[in-house]
Amino acid sequence: QLQLMESGGGLVQPGQSLRLSCATSGFSVDEYSVGWFRQVPGSEREGVACMSKRNGDTFYSDSALRRFTISKDSGNAMVHLQMNNLKPEDTGIYYCAAERWNYAQSLCIRKDGVITWGRGIPVAVSS
């Protein structure tokens, strides 16, 4: 059974950094595309950063580009999201996701395929 569990969220001030982690089990992060999504009340879950299976190609939303970095640690079955220079609009619930058949852009933009989700973790950016 595929499982994902997020950690590392919390409250930070604008301009600060935060690193989210996703512990995975039941599958290989090398054989699945993985990603991070953000959801705020009243809006759809949107892709922030995704990484393709095997080749490791990445996709970032416009807001995340040049500030966020997605990475994975295959040996420890972990997926991370390093978030720098955080802004109030980065506030939301962040979900870790894994999908077997699609690649980063398809996963992040269209949420294609059968996605397994973590439970989500809140991130708040406020002064």
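All heavy atoms count here, side chains included; hydrogens, waters and symmetry mates do not.
Lys72 contributes no side-chain N or O that, together with a main-chain N or O of Val34, makes up a donor-acceptor pair within less than 3.5 Å. For Glu6 (side chain) and Arg119 (main-chain N/O), a donor-acceptor pair under 3.5 Å exists by modelled atom type. Between the Gln39 side chain and the Glu44 main chain, no donor and acceptor come within less than 3.5 Å of each other. Side-chain N or O atoms of Ser74 include none that pairs as donor or acceptor with a backbone N or O of Asp30 at under 3.5 Å. Checked by atom type and distance alone, the side chain of Thr91 pairs as donor or acceptor with a backbone atom of Val125 at under 3.5 Å.
Connection of Leu18 to Phe68 is established within a shared hydrophobic cluster, with ILVMFWY side chains joined at heavy-atom distances below 4.5 Å, either directly or through further cluster members. By the rule that hydrophobic residues join a cluster once side-chain heavy atoms approach within less than 4.5 Å of another member, Ile121 and Leu4 end up as members of one cluster. A single hydrophobic cluster is seen to contain both Val29 and Met51, as judged by linkage of ILVMFWY side chains at heavy-atom distances under 4.5 Å, directly or through other members. Follow the hydrophobic side-chain contacts under 4.5 Å out from Ile115 and you reach Ile93 in the same cluster. Hydrophobic cluster membership is shared by Tyr94 and Leu65, with clusters built from Ile, Leu, Val, Met, Phe, Trp and Tyr side chains linked at under 4.5 angstrom.
The minimum heavy-atom distance between Leu20 and Trp36, with the atom names listed, is CB-CH2, 3.7 Å. Residues Ser33 and Ser52 share a closest heavy-atom pair of OG-CA, 3.4 Å. Minimum interatomic distance between Gly26 and Leu2 (heavy atoms only, all atoms of both residues): O-CD1, 3.9 Å. Closest of all the heavy-atom pairs between Asn55 and Asp57 is OD1-N, 2.9 Å. Closest non-hydrogen pair, Gly47 versus Ser61, comes out as O-CB, 3.5 Å. A pairwise comparison of heavy atoms in Thr24 and Val79 identifies CG2-CG2, 4.4 Å as the closest pair.
Here Lys111 contributes atom NZ and Asn102 contributes atom CG; the two are 13.0 Å apart, rounded to the nearest 0.5 Å. Here Cys22 contributes atom SG and His80 contributes atom NE2; the two are 9.5 Å apart, rounded to the nearest 0.5 Å. The distance from atom CD of Gln3 to atom SG of Cys96, rounded to the nearest 0.5 Å, is 12.5 Å. Note that CE of Met5 and OG of Ser21 are 13.0 Å apart. Values are rounded to the nearest 0.5 Å. We find the CD-OH distance between Glu46 and Tyr95 to be 12.5 Å, quoted to the nearest 0.5 Å.
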Exercise for the section: Kindly indicate, with the supporting measurements, whether the criterion side-chain contact (heavy atoms from CB on, under 4.5 Å) is fulfilled by Phe37 and Leu107. Expected result: CA-CA 10 Å; Phe37 291 72; Leu107 174 60; 4.0 Å; yes
Exercise for the section: Kindly indicate, with the supporting measurements, whether the criterion side-chain contact (heavy atoms from CB on, under 4.5 Å) is fulfilled by Tyr32 and Thr116. Expected result: CA-CA 10 Å; Tyr32 280 67; Thr116 299; 5.9 Å; no
Practice task
Give the intermediate values and the outcome of side-chain contact (heavy atoms from CB on, under 4.5 Å) for residues Val123 and Met83.
Solution key: CA-CA 11 Å; Val123 171; Met83 304 188 291; 4.1 Å; yes
Practice task
Check the pair Thr69, Tyr60 against side-chain contact (heavy atoms from CB on, under 4.5 Å), reporting the backbone distance first and the verdict last.
Solution key: CA-CA 8 Å; Thr69 303; Tyr60 295 93; 3.9 Å; yes
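Between Lys53 and Glu31 there is no salt bridge, since none of the side-chain N atoms of the basic residue sits less than 4.0 Å from a carboxylate O of the acidic one.
No cation-pi contact links Arg100 to Phe27, judged by a cut-off of 6.0 Å to the six-membered ring centre and 45° from its axis.
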